[in-house]
Amino acid sequence: MPDLRSFMQELETRGELLHIEEELSPKFEIAAALRTLDSGPAVLFNRVKGSDHKAVGGVCGRRDRICRALGIQPEAFYQRLLHAMDHPTSVKVVEDGPVREVVEEPRLSRMPVLTHFEKDPGPYITSGILYAKSPDGSVENVSFHRILILSDGRATLRIVPRHLYRICQEARGKVDALDVSISLGLHPALMVAAASPAPFGVSEFEVANTLMGGGLRLVKCEHIDALAPADAEIVLEGRILLKEETTEGPFVDLTGTYDIQRRQPVLEVVGVMHRRDYLYQALLPAGSEHLLLMGMPQEARIWNYAQNIVPTVRGVNLTLGGCGWLHCVVSFKKFREGDPKNVLLAVFSAHPSLKHAVVVDEDIDPFDMEMVEWAIATRFKGDEDLLVIPNVRVSSLDSASDQTAELGCKVGIDATRPLAKPKEKFSRAEIPVSEDLKVFLERLRDSGKRG
Ligand SMILES: Cc1cc2nc3c(=O)[nH]c(=O)nc-3n(C[C@H](O)[C@H](O)[C@H](O)COP(=O)(O)O)c2cc1C
């Protein structure tokens with residue numbers, strides 16, 4: 001079965017799993033190591049202070065690694081995810097699975113949950129995906145939610161007004177608490193699916209199952225009415241108390257700055273299922289893994305909207321420098337002079353949190369930020385190619401805007417070359433190179449890297 005361990009085995013074979021033998025504390029030290037190695041290998045912490053369990057982090061910390069986990073090239077990501085969201089497949093529910101090796105009372109304080117940053121109010125679970133269903137069972141949903149541990153059996157979680165929020169709203173008045181499972185230690189396909197903007201009513205477990213070629217298996221929880229992946233490392237069995245709130249945060253979100261404190265529901269944890277030798281999956285807030293998992297599913301949606309305007313989109317990049325959320329580059333082949341601004345409008349509608357977008361011609365790789373800047377330098381003219389949309393909804397995470405009203409300004413940059421001018425004026429000069437010289441240059445590049 002595809003699970004976190006089988007994927008880590010693949011990473012090990014490829015030399016992409018770094019083992020750390022030094023004992024590190026879950027309070028700050030592991031987070032500091034993950035930050036130092038961000039965008040690099042996945043990291044296995046073999047000795048975690050105060051715990052018999054190992055921790056692993058950075059598993060989804062690179063775009064190419066996430067795509068490899070799905071068995072695809074990066075260019076195929078958008079179509080693959082959109083196809084899975086359009087074709088969810090029902091998932092096998094099995095009697096037993098590795099995650100049921102131990103079923104016990106919750107002792108959250110004994111789990112190696114990381115405290116990441118200086119002003120964090122306590123340890124935060126950041127890699128957990130939460131399954132919930134409506135009280136009548138007609139709607140199922142799976143999504144990521146950060147969880148602040150308050151005691152052995154109590155926690156709170158952040159619920160952004162989306163699908164889980166709607167399920168909670170609709171359940172109020174019918175029930176006092178909503179049964180939920182929170183699963184950690186998962187194959188990347190499950191994490192991508194849980195972060196995807198599938199329509200309300202579509203279970204992201206079913207999206208994951210399509211991404212995994214039918215390889216997902218679910219088990220029933222022991223103490224509550226919920227499902228969870230049979231091959232997870234850990235499952236918390238909980239109940240969201242719909243009438244009880246507490247303070248959540250401050251928490252470092254995508255921007256790397258502290259998000260505000262809010263009143264959020266209390267999560268009562270009533271049981272835990274886990275593998276006997278479970279691995280604790282860490283995920284560094286504002287690290288590349290957080291940004292990619294948030295951003296890549298939105299890129300698929302942006303790609304879809306942009307493709308509706310021009311069927312020649314080369315790629316979409318919610319850039320890491322733009323927090324994987326606020327800045328986007330779209331590369332496409334322009335046919336008409338008006339295409340870029342229409343693409344910019346489509347991109348802003350596809351992802352309402354977006355603040356700045358740049359559109360470039362198809363000869364510019366949207367993932368090569370030096371080339372993107374070169375396109376702005378050589379193809380953009382501020383008085384004609386700038387789109388400014390004031391007083392519009394932006395992300396609540398954008399500190400430069402009105403974060404309470406979520407009101408701000410969007411700026412679009414058309415860095416495509418004007419069709420009326422000769423193409424040669426905007427093309428980079430090439431140096432003719434023979435096949436033999438190419439081989440030599442390749443070696444030269446390698447020796448340059450080593451030196
Ligand atoms: C690592 C990570 C952490 C996230 N944390 C939260 C969170 O704390 N609260 C939240 O509401 N959404 C969070 N999200 C975003 C949701 O998972 C995402 O928006 C998802 O699409 C929402 O699911 P839904 O479409 O079923 O509502 C997080 C996403 C990732 C990848």
Side-chain angles (χ1 to χ4, degrees), residues 1-11 14 16 42 58-94 97-99 127-132 140-145 162-164 181-219 227-233 235 281 283 288-304 307 315-316 318 324:
M1 282 301 136
D3 61 5
L4 175 62
R5 291 184 191 211
S6 63
F7 187 61
M8 283 171 64
Q9 192 53 54
E10 268 179 63
L11 294 180
R14 300 179 69 95
E16 282 187 48
V59 173
C60 294
R62 290 176 58 93
R63 186 179 285 272
D64 54 351
R65 203 182 291 145
I66 293 176
C67 293
R68 207 164 337 101
L70 303 183
I72 52 170
Q73 295 295 321
E75 310 81 73
F77 178 79
Y78 313 129
Q79 273 131 317
R80 185 64 187 274
L81 183 59
L82 292 168
H83 172 268
M85 284 196 282
D86 284 346
H87 301 87
T89 43
S90 59
V91 190
K92 267 192 296 291
V93 179
V94 294
V99 79
S127 67
I129 65 169
L130 183 149
Y131 164 95
E140 292 177 287
N141 192 72
V142 183
S143 44
F144 275 91
H145 296 272
R162 281 190 50 81
H163 297 164
L164 176 62
S181 70
I182 294 124
S183 308
L184 288 78
L186 305 164
H187 188 270
L190 256 166
M191 301 176 78
V192 169
S196 73
F200 186 69
V202 170
S203 163
E204 285 82 358
F205 277 157
E206 298 194 354
V207 174
N209 196 41
T210 303
L211 284 178
M212 294 163 90
L216 183 62
R217 311 182 307 164
L218 301 175
V219 284
L227 296 168
D231 297 284
E233 295 290 322
V235 173
Q281 187 167 12
L283 192 151
S288 61
E289 186 169 25
H290 189 188
L291 273 47
L292 288 170
L293 284 168
M294 286 286 293
M296 286 175 71
Q298 295 301 328
E299 287 173 358
R301 183 142 81 169
I302 293 170
W303 183 85
N304 203 19
Q307 192 79 2
V316 177
L318 277 168

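Index from 1, following the sequence. All of these numbers come straight from a predicted model, not from anything done at the bench.
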Euclidean distance, [Y] [atom2] relative to [X] [atom1], rounded to 0.5 Å:
X    : Y    : atom1 : atom2 : value
L218 : S90  : CG    : OG    : 10.0 Å
M212 : D3   : CE    : CG    : 8.0 Å
N141 : R162 : CG    : CZ    : 8.5 Å
D231 : L4   : CG    : CG    : 10.5 Å
L318 : Q298 : CG    : CD    : 7.5 Å

Between [Y] and [X], is there a side-chain heavy-atom distance shorter than 4.5 Å?
X    : Y    : result
E140 : L227 : yes
M191 : V59  : no
M296 : C67  : yes
V219 : V93  : no
E204 : S143 : no
P88  : N209 : no
L81  : P297 : yes
F77  : I72  : yes

Test log, rule salt bridge (Lys or Arg N to Asp or Glu O under 4.0 Å), inputs R62 and D64: CA-CA 6 Å; R62 290 176 58 93; D64 54 351; 3.2 Å; yes

Sole candidate of E10, E16, Q73 that passes side-chain hydrogen bond (donor to acceptor under 3.5 Å, both in side chains) when paired with R68: E16

Plane angle bin for Y131 and F205 - parallel if under 30°, tilted between 30 and 60°, otherwise perpendicular: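 Judged by the thresholds at 30° and 60°, the geometry between F205 and Y131 is parallel.
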
F7 and H187 aromatic ring geometry - parallel, tilted or perpendicular at 30°/60° bounds: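 Correct class here is perpendicular.
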
Test side chain to side chain contact (heavy atoms under 4.5 Å, CB included) applied to E299 and R63, step by step: CA-CA 12 Å; E299 287 173 358; R63 186 179 285 272; 2.8 Å; yes

